[in-house]
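To find a chain, count down the sequence lines: A is the first, B the second, and so on, and within it residues start at 1.
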There are 2 protein chains.
Amino acid sequence: MNEAIALANLSALSHPMRLRAVRALVARAPNGLTAGEIATSIDASPSKTTFHLNLLSEAGIVSSKRQARHVVYQVEFAALGALLRYLLEDCCGGHPTVRECCASASGDGPGLDC
Amino acid sequence: MNEAIALANLSALSHPMRLRAVRALVARAPNGLTAGEIATSIDASPSKTTFHLNLLSEAGIVSSKRQARHVVYQVEFAALGALLRYLLEDCCGGHPTVRECCASASGDGPGLDC
DNA sequence: TTTTTACTTCAATAATTATTGAAATGAAAG
DNA sequence: CTTTCATTTCAATAATTATTGAAGTAAAAA
């Protein structure tokens, strides 16, 4: 992970349709969803969906493979993990406040209002 | 944290100057930096710097206060923590792969290549 | 109280990003 | 081999975001 990749990742996630697409894919992991299913779930036209999925794909946040007439998209958890790690470690300097927000998400730390 | 705030946060971070400004502020936390020092450190004109700092400020990622002739900016770690938590928990569903990338950033988990 | 320093605002322009809808492609079914 | 389905591509347009530089504001120094 480096600045350029992190920026591409952040840009890719910073659009409502794309963030929703990612969440839909997370909900259906590890099987993924077809482009058409994603289009339906985010209520977007086919070309719009392709446009946004391409950005996510170029950023490495999703991958795709053709299956017969469908194209199945899957979320790349490792890419998201790398982005979060970069933000936490390289951008926030591993600051305790930030680290504890991530830790408290797993229910083990003290309850913070993150 | 909700989708709209998360999107504003992601947008705010997805510009090279803004991400660098945040990193510069993290490096100087908790004291912060003046607008002029930030401008110097990211090599930007005064108005450009104000423009970008305003976006970060509106997103809640930085705060500012006037001190004599200077305006001192500080990074809001809680906001960054809330964003990371939202991404980890609400967007990634707390998926182990993502969680472990954050955990391994603190050096305690198994070494993953995040 | 004029000048200097530090920063912000504003309006014009440039650049990037997003949307639209029609045409094209790839793959299977008839 | 034509048709249908699923998706992508493309070109035109719209919308948003970023840059520029000049003018304005706030605070302290001269």
Side-chain angles (χ1 to χ4, degrees), chain A residues 3-25 28 31-76 83, chain B residues 3-25 28 31-75:
Chain A
E3 190 191 74
I5 294 175
L7 287 169
N9 279 221
L10 290 165
S11 288
L13 292 176
S14 65
H15 185 282
M17 288 193 169
R18 294 194 294 264
L19 191 59
R20 280 174 205 152
V22 168
R23 293 175 69 145
L25 289 171
R28 286 285 180 279
N31 296 316
L33 288 168
T34 66
E37 290 170 327
I38 295 167
T40 299
S41 89
I42 66 179
D43 192 35
S45 69
S47 69
K48 209 168 160 181
T49 302
T50 295
F51 172 79
H52 289 298
L53 287 174
N54 275 343
L55 290 187
L56 287 169
S57 188
E58 280 154 24
I61 292 172
V62 305
S63 61
S64 65
K65 58 186 174 203
R66 185 172 266 276
Q67 276 185 0
R69 290 204 277 208
H70 298 268
V71 176
V72 176
Y73 284 84
Q74 286 179 303
V75 66
E76 290 295 324
L83 173 64
Chain B
E3 191 192 72
I5 294 173
L7 286 168
N9 279 222
L10 290 165
S11 288
L13 293 174
S14 64
H15 186 283
M17 289 195 168
R18 293 194 295 263
L19 191 58
R20 280 175 206 151
V22 168
R23 293 175 69 145
L25 288 172
R28 286 285 178 280
N31 296 315
L33 289 168
T34 67
E37 289 169 329
I38 295 168
T40 300
S41 88
I42 66 179
D43 192 36
S45 68
S47 69
K48 210 168 160 180
T49 302
T50 296
F51 172 80
H52 290 299
L53 287 175
N54 275 344
L55 289 188
L56 286 169
S57 187
E58 281 154 25
I61 292 172
V62 306
S63 61
S64 65
K65 60 187 172 202
R66 185 171 266 278
Q67 275 186 0
R69 288 205 280 207
H70 299 270
V71 176
V72 176
Y73 284 84
Q74 286 178 303
V75 65

Which whole-number value in Å describes the distance from [X] [atom1] to [N] [atom2]?
X	N	atom1	atom2	result
A:Ile38	D:dT7	CD1	P	9 Å
A:Arg69	D:dT7	CZ	P	10 Å
A:Asp43	C:dT19	CG	P	12 Å

For nucleotides 8-18 of chain C, just jot down a letter per nucleotide in 5' to 3' order: B, S or -, based on protein non-hydrogen atoms under 4.0 Å.
BB--------B
Quick one: list whatever passes side-chain contact (heavy atoms from CB on, under 4.5 Å) with B:Ser14, sequence neighbours left out.
A:Leu10, A:Ser11, A:Ser14
Could you work out, with side-chain contact (heavy atoms from CB on, under 4.5 Å) as the rule, every residue matching B:Ser57, not counting sequence neighbours?
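By the side-chain contact (heavy atoms from CB on, under 4.5 Å) rule, B:Ser57 matches B:Val62.
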DNA chain D nearest-nucleotide lookup for A:Thr34 and B:Met17: closer to the 5′ end is A:Thr34
Pairwise salt bridge (charged side-chain N to carboxylate O under 4.0 Å, His left out) hits with a residue in residues 13-24 of chain A, at least two apart:
A:Arg20-B:Glu3
Restricting to pairs with a member in residues 32-44 of chain A, which pass side chain to side chain donor-acceptor pair (under 3.5 Å), not counting sequence neighbours?
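Every side chain to side chain donor-acceptor pair (under 3.5 Å) pair that includes a residue of residues 32-44 of chain A, provided the two are not neighbours, is A:Thr34-A:Glu37.
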What residues, two or more places apart in sequence or in another chain, satisfy side chain to side chain donor-acceptor pair (under 3.5 Å) together with B:Gln74?
none
Would the distance check show the side chain of B:His70 and the main-chain N or O of B:Val72 forming a donor-acceptor pair, the cut-off being under 3.5 Å?
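No, the answer is negative, given that no donor and acceptor are paired below the 3.5 Å cut-off.
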Please check the phosphate of C:dT5 (OP1 and OP2 only) for any side-chain N or O of B:His70 closer than 4.0 Å.
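Result: no.
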